[in-house]
Number of protein chains: 2
Amino acid sequence: MRTAEQLRYLILAAQREGNRQLTVLLSAIGLTPAQSEALRIIADHGPLALRELGDMLVCDTGTNPSRIVDRLVAAGLVERTSSEHDRRQVKLTLTPTGQDKALRVAEIENQLYDLLDDATAGTDVGALIAFLDGFTRQSPAGTALANRLAAEKKQPD
Amino acid sequence: MRTAEQLRYLILAAQREGNRQLTVLLSAIGLTPAQSEALRIIADHGPLALRELGDMLVCDTGTNPSRIVDRLVAAGLVERTSSEHDRRQVKLTLTPTGQDKALRVAEIENQLYDLLDDATAGTDVGALIAFLDGFTRQSPAGTALANRLAAEKKQPD
DNA sequence: ACGACATACATGTCGTGACATGAAAAGGAG
DNA sequence: CTCCTTTTCATGTCACGACATGTATGTCGT
């Protein structure tokens, strides 16, 4: 098997494994990884239009994350409010329940990141990130992550 | 953003981007990445039972890849034959069309791996693979890849 | 032989992801 | 103001992935 092929499958396997672990942790609060990502983005950068959320979502680079938001609204975590100055837009805000959930998501994520820190002990994470960053630059998902980092830098809330 | 968090999203983004590129390349022959993986495994290691295929599939670590095979059968690429000595089992073999497609898949994959080789030029791929391998070891997807590598070693066809 | 258990596969369900399409609203050129 | 284009969002469709369940078939202890 070519090295590149092995790398491809390892990246796939790593993504699956991370998702699996996060799914287990998040099931305690009844959320999925995709939902938790959206929730955290709204918590950190809201109120947001649906398109703005979509521009920061790594997990869903489709046209827009309308259906993920559907479920968050159904769960009572997010409110859709039609925008005033542009009635095409929808303003997404967290309900009090949603804010509480977002905090719990942050705790769970930190658990996972602690585990990941252990797993990366002894490896050159900088080189790892540099490669992945180069590979994903210009891609939809990579752009989404870049947008998040830019928004964090601008307004570190 | 924590380094571990950035790493998580970069792995997700890399997986998505690789999948996106492969999807584009494979659309020329009417296959999806998941289907192409199954097809290649059957081509390399067939005839296989459904469970054996499942044990080598990185993309689908569910109970069994019954539905992916459904589509390959519907496309006329794979044949399901009931096993003789164990009527629970299904033997999966490629049709002549399937063998042809598998060759084309191999060509397309090599295109992608050439691109990936370019992208990894100048980085320590060994360290990358070592980390990902450690992280995915023991996970369902990582085990599947290990099974493939073991089968390749045993019978390098 | 027989009953309990295990294995192989198929299938129902849910939540993505990615893409295409359609409706509503805003913006811009004449 | 009017037509045309663009933007925003919702929705239909298809193919996963992951999990649970059900059925048929083997296997094993007794």
Side-chain angles (χ1 to χ4, degrees), chain A residues 12-13 15-24 26-27 30-39 47-55 57-75 78 80-92 139-141 144, chain B residues 12-13 15-24 26-27 30-39 47-55 57-75 78 80-92 139-141 144:
Chain A
L12 175 56
Q15 187 272 322
R16 290 276 199 279
E17 176 59 10
N19 211 60
R20 198 182 64 76
Q21 291 185 18
L22 187 56
T23 299
V24 171
L26 284 173
S27 70
L31 288 179
T32 65
Q35 291 163 11
S36 75
E37 186 183 355
L39 197 68
L48 287 175
L50 199 59
R51 184 193 60 77
E52 295 173 308
L53 173 61
D55 286 345
L57 264 183
V58 180
C59 71
D60 189 353
T61 57
T63 51
N64 64 59
S66 182
R67 274 174 282 226
I68 289 181
V69 169
D70 281 350
R71 296 197 181 85
L72 293 176
V73 170
V78 167
R80 270 193 175 100
T81 322
S82 64
S83 174
E84 306 247 326
H85 71 286
D86 187 340
R87 276 181 305 174
R88 291 172 302 181
Q89 280 194 354
V90 172
K91 280 294 167 204
L92 303 174
S139 79
Chain B
L12 175 56
Q15 188 272 322
R16 290 276 199 278
E17 176 60 10
N19 211 60
R20 198 183 63 78
Q21 291 185 18
L22 188 56
T23 299
V24 171
L26 284 173
S27 69
L31 288 178
T32 65
Q35 290 164 12
S36 75
E37 186 183 355
L39 197 68
L48 287 176
L50 200 58
R51 184 193 60 77
E52 295 173 309
L53 172 61
D55 285 346
L57 264 184
V58 179
C59 73
D60 189 352
T61 57
T63 50
N64 65 58
S66 182
R67 274 174 282 225
I68 288 180
V69 170
D70 280 350
R71 296 195 183 88
L72 293 176
V73 171
V78 167
R80 270 193 176 100
T81 322
S82 64
S83 175
E84 307 245 328
H85 71 288
D86 187 340
R87 276 181 306 172
R88 292 171 303 179
Q89 280 194 354
V90 172
K91 282 293 168 206
L92 302 174
S139 78

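Note that the structure is a prediction, hence the values are computed from the model and not measured. The chains referred to below are lettered A, B, ... by the order of the sequence lines, with proteins before strands, and numbering in each begins at 1.
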What is the distance from [atom1] of [X] to [atom2] of [N], rounded to the nearest Å?
X: Asn19(B); N: dG17(D); atom1: CG; atom2: P; answer: 7 Å
X: Leu22(A); N: dT16(C); atom1: CG; atom2: P; answer: 12 Å
X: Arg51(B); N: dT7(C); atom1: CZ; atom2: P; answer: 10 Å
X: Asp60(B); N: dA15(D); atom1: CG; atom2: C1'; answer: 11 Å
X: Leu26(A); N: dA18(D); atom1: CG; atom2: P; answer: 15 Å

Tell me, do Ser82(A) and Val90(A) make a side-chain contact under 4.5 Å, heavy atoms counted? no
Return the 5'-most residue of the pair His85(B), Gly62(B) with respect to DNA chain D, ranking by each residue's nearest nucleotide. Gly62(B)
Considering only side-chain heavy atoms of [X], which listed nucleotide, [options], is closest?
X: Ile68(B); options: dA8(C), dT16(C), dC16(D); answer: dC16(D)
X: Val90(A); options: dA18(C), dC9(C), dA10(D); answer: dA10(D)
X: Ala34(B); options: dA10(C), dG17(C), dG17(D); answer: dG17(D)

Map every base of DNA chain C to its dot-bracket character, where paired means a Watson-Crick or G-U wobble contact with both distances under 3.5 Å and | marks a partner outside the strand. ||||||||||||||||||||||||||||||
Report yes if a side-chain nitrogen or oxygen of [X] is closer than 4.0 Å to either non-bridging phosphate oxygen (OP1 or OP2) of [N]; otherwise report no.
X: Arg87(B); N: dA24(D); answer: no
X: Arg71(A); N: dC14(C); answer: no
X: Gln35(A); N: dT16(C); answer: yes
X: Arg80(A); N: dA10(D); answer: yes

Upstream residue (5' side of DNA chain C) when Val24(B) and Arg88(B) are each assigned their closest nucleotide: Arg88(B)
Which residue, Gln15(A) or Ala49(B), contacts DNA chain C at a nucleotide closer to its 5' end, judged by nearest heavy atom? Ala49(B)
Taking [X] for its side chain and [Y] for its backbone only, find out whether a donor-acceptor pair lies under 3.5 Å.
X: Glu37(B); Y: Cys59(B); result: yes
X: Glu52(B); Y: Ala49(B); result: yes
X: Thr32(A); Y: Gln35(A); result: yes

Is Arg80(A) salt-bridged to Asp70(A), cutoff N-O under 4.0 Å? yes
Could you go over nucleotides 11-13 of chain D and give all protein N or O partners under 3.5 Å, atom names and distances?
residue : atom : partner  : partner atom : Å
dG12(D) : N7   : Arg67(A) : NH1          : 3.0
dG12(D) : O6   : Arg67(A) : NH2          : 2.2

